[in-house]
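First the proteins, then the strands, lettered A, B, ... as listed; each starts at 1. This one's a predicted model, so the numbers in the text were calculated from it and none came from an experiment.
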Number of protein chains: 2
Amino acid sequence: MTEEQKTPEINILNAAKEIFERKGMAAARMQEIADEAGINKAMLHYYYRSKQLLFEAVFKSAFSMLAPQLNEIINADTSIFEKIRNFSSNYISFVIKHPYLPNFIIQELNRNPDFVKKLVAEKNFPNISKFKQQVNEKVADGIIKPIKAEQLFINIISLNIFPFIGALLLTGFINVNEEAYKQLMEERKTEVADFIINAIKLK
Amino acid sequence: MTEEQKTPEINILNAAKEIFERKGMAAARMQEIADEAGINKAMLHYYYRSKQLLFEAVFKSAFSMLAPQLNEIINADTSIFEKIRNFSSNYISFVIKHPYLPNFIIQELNRNPDFVKKLVAEKNFPNISKFKQQVNEKVADGIIKPIKAEQLFINIISLNIFPFIGALLLTGFINVNEEAYKQLMEERKTEVADFIINAIKLK
DNA sequence: AAATTTGCTAACCATTAGGTTAAACTAAAT
DNA sequence: ATTTAGTTTAACCTAATGGTTAGCAAATTT
């Protein structure tokens, strides 16, 4: 898993991502990250001072990979149905490639609630006001059933993210192997959007 | 937060639940659990040998609180629409009272994938075969739109669980305070079922 | 070429955390 | 009253872990 990297900073960051995302901040060991990066443990401190700072760098980097995806659904200049289709398809494709990412973010956010406030304060933090306006419009126009934009947003996010966070639990419940579950996720690239649109479209 | 308990075992278990569910296995400290329980640290080992065993007791207890909820949707002798309504309402009511529980389970399951296998092997582990059959029937009868039972199941679980696991993230995105978010969750007791039923019902 | 800064390593340090132990205390049984 | 079994505590032990340091090597600067 250890590929050559341009700079030691990036090399360390990637190794730390790997370990932090899989184990979480508390369970991750600096030595393990050093091994993954193929370097001496002291180097981690040389480049990133402390575990906390290294963790924050990883977290920021991880979060900044997800934020653009969310802005897609929020600020794109497309119809609401198209947004839902695009987001579901794109997001699921993305997460299939980074399976530990959503769980990592949720987990660490829960462990450190103040972190949310810091994130919200930053620019580029997704804001749903545009999406909200769009939903309200379509409801008023009789194109979609009455629904609060907040609830619809929560539903979209839930249907797209949870199947990855709860993958292990769900494979247990529906009693399929990893391969079959992956296949289900592939299907969801279109399935989820269909489901949502069916739920809200006024025929 | 420290109330009098019947037996020291239960007292310890409750304290451990509190800490483990909030911080996770790795970040939880035995001393912290002892403090929460109002006892000496050695007592934890006296009654539960090791951190690992104490953790497993907590996990089992937590999981066994959720399993019955799931059997509701899976094995009840009611119509599929009723199941969805009952489950959503009951589950959300339950989790509002135990907000850390789902996150804890998911998190520790992800950290220790082999745990799933152990759980699945146990009796009382939910099995969706009955639900599956019911869905297929209704699809064949033209009562609901064609959908794989597995996908519907994943959707139901996602819509009910994720809003609690991702609460902090979602409050950030939709920019509401804790109180307003709780209100949204209250609404979801009926909102979620309506959404799902709209999505699948053939009119 | 000498000096100096930067990158890197091995050994070390201090603290923390899980776990143990031996002694003390309590209360029931003899 | 004495024994005995179960319970509780303080003090201790050991391993692991995040972090530091002193020195060396390789560039970079002057």
Side-chain angles (χ1 to χ4, degrees), chain A residues 1-62 104 107-108 110-112 114-115, chain B residues 1-62 100 104 107-108 111-112 114-115:
Chain A
M1 203 50 61
T2 348
E3 291 126 40
E4 302 309 314
Q5 302 299 148
K6 289 262 159 51
T7 77
E9 280 94 338
I10 304 232
N11 179 35
I12 291 173
L13 197 71
N14 284 336
K17 247 184 210 169
E18 186 72 26
I19 305 298
F20 277 136
E21 287 180 12
R22 221 162 50 209
K23 307 213 164 182
M25 164 71 166
R29 300 288 153 238
M30 292 297 268
Q31 185 59 59
E32 210 177 351
I33 295 171
D35 292 346
E36 176 77 24
I39 56 164
N40 189 292
K41 184 165 69 89
M43 278 294 88
L44 299 180
H45 292 95
Y46 183 73
Y47 285 105
Y48 290 90
R49 288 205 38 159
S50 70
K51 187 184 184 185
Q52 179 63 27
L53 287 174
L54 177 54
F55 167 77
E56 282 173 23
V58 167
F59 188 90
K60 265 188 198 166
S61 163
F104 170 68
Q107 190 50 31
E108 298 303 333
N110 282 335
R111 191 133 312 162
N112 190 355
D114 297 335
F115 221 22
Chain B
M1 200 51 61
T2 347
E3 291 126 38
E4 302 309 313
Q5 302 297 150
K6 288 262 156 52
T7 76
E9 280 94 337
I10 305 238
N11 179 34
I12 292 173
L13 197 71
N14 284 337
K17 247 183 212 171
E18 186 73 25
I19 305 298
F20 277 137
E21 287 180 12
R22 222 164 48 209
K23 307 212 164 184
M25 164 70 167
R29 298 289 155 238
M30 292 297 269
Q31 186 59 57
E32 210 177 351
I33 295 171
D35 293 347
E36 175 78 23
I39 57 166
N40 189 291
K41 184 166 69 89
M43 281 289 88
L44 300 180
H45 292 96
Y46 183 74
Y47 285 105
Y48 291 90
R49 290 208 31 164
S50 70
K51 186 184 183 184
Q52 179 62 28
L53 287 174
L54 176 55
F55 168 76
E56 282 173 24
V58 168
F59 188 90
K60 265 188 197 166
S61 163
Y100 290 110
F104 171 67
Q107 190 51 31
E108 299 303 333
R111 189 132 315 162
N112 189 355
D114 298 335
F115 221 22

*Any donor and acceptor pair, going by atom type alone, linking the side chain of A:Glu108 with main-chain N or O of A:Met25 inside 3.5 Å?*
yes
Nucleotide N/O of nucleotides 12-17 of chain C paired with protein N/O under 3.5 Å:
{"unit_1": "C:dA17", "atom_1": "OP1", "unit_2": "B:Arg29", "atom_2": "NE", "d": "3.0"}

*asked:* Considering only residues two or more places apart or on different chains, which pairs with a residue in residues 24-34 of chain B satisfy salt bridge (charged side-chain N to carboxylate O under 4.0 Å, His left out)?
replied: B:Lys23-B:Glu32
*Do you know which two heavy atoms are closest between A:Glu21 and A:Ala62, and how far apart they sit?*
OE2-CB, 4.0 Å
_Pairs flagged by side-chain hydrogen bond (donor to acceptor under 3.5 Å, both in side chains) wherever residues 46-55 of chain A is involved - sequence neighbours left out_ = A:Gln52-A:Glu56
*Taking all non-hydrogen atoms of both residues into account, name the closest pair between A:Met30 and A:Leu44 and its distance.*
O-CD1, 3.1 Å
_Tell me every residue that passes side chain to side chain contact (heavy atoms under 4.5 Å, CB included) with B:Ala28, counting only those two or more places apart in sequence or in another chain._
B:Ile19, B:Phe20
*Mind checking which nucleotides bracket the chain B contacts on DNA chain D, 5' to 3', with an atom under 4.0 Å from a heavy atom?*
D:dG6 to D:dA10
*Round to a whole Å and report the spacing from CG of B:Asn40 to P of C:dT21.*
16 Å
*May I ask you to check whether B:Glu18 and B:Asn14 show a side-chain donor-acceptor distance below 3.5 Å?*
no
_Taking side-chain hydrogen bond (donor to acceptor under 3.5 Å, both in side chains) as the definition, give me every residue that meets it alongside B:Glu9, ordered by chain and number, with sequence neighbours left out._
none
*asked:* Just to verify, what does B:Tyr100 make a ring-ring contact (aromatic ring centres under 6.0 Å, His included) with, not counting sequence neighbours?
replied: none
_Set of residues satisfying side chain to side chain contact (heavy atoms under 4.5 Å, CB included) with respect to A:Ala15, sequence neighbours excluded_ = A:Ile33, A:Glu36, A:Ala37
What protein N or O atoms touch nucleotides 5-7 of chain C N or O atoms at under 3.5 angstrom, if any, and at what distances?
{"unit_1": "C:dG7", "atom_1": "OP2", "unit_2": "A:Tyr46", "atom_2": "OH", "d": "2.8"}

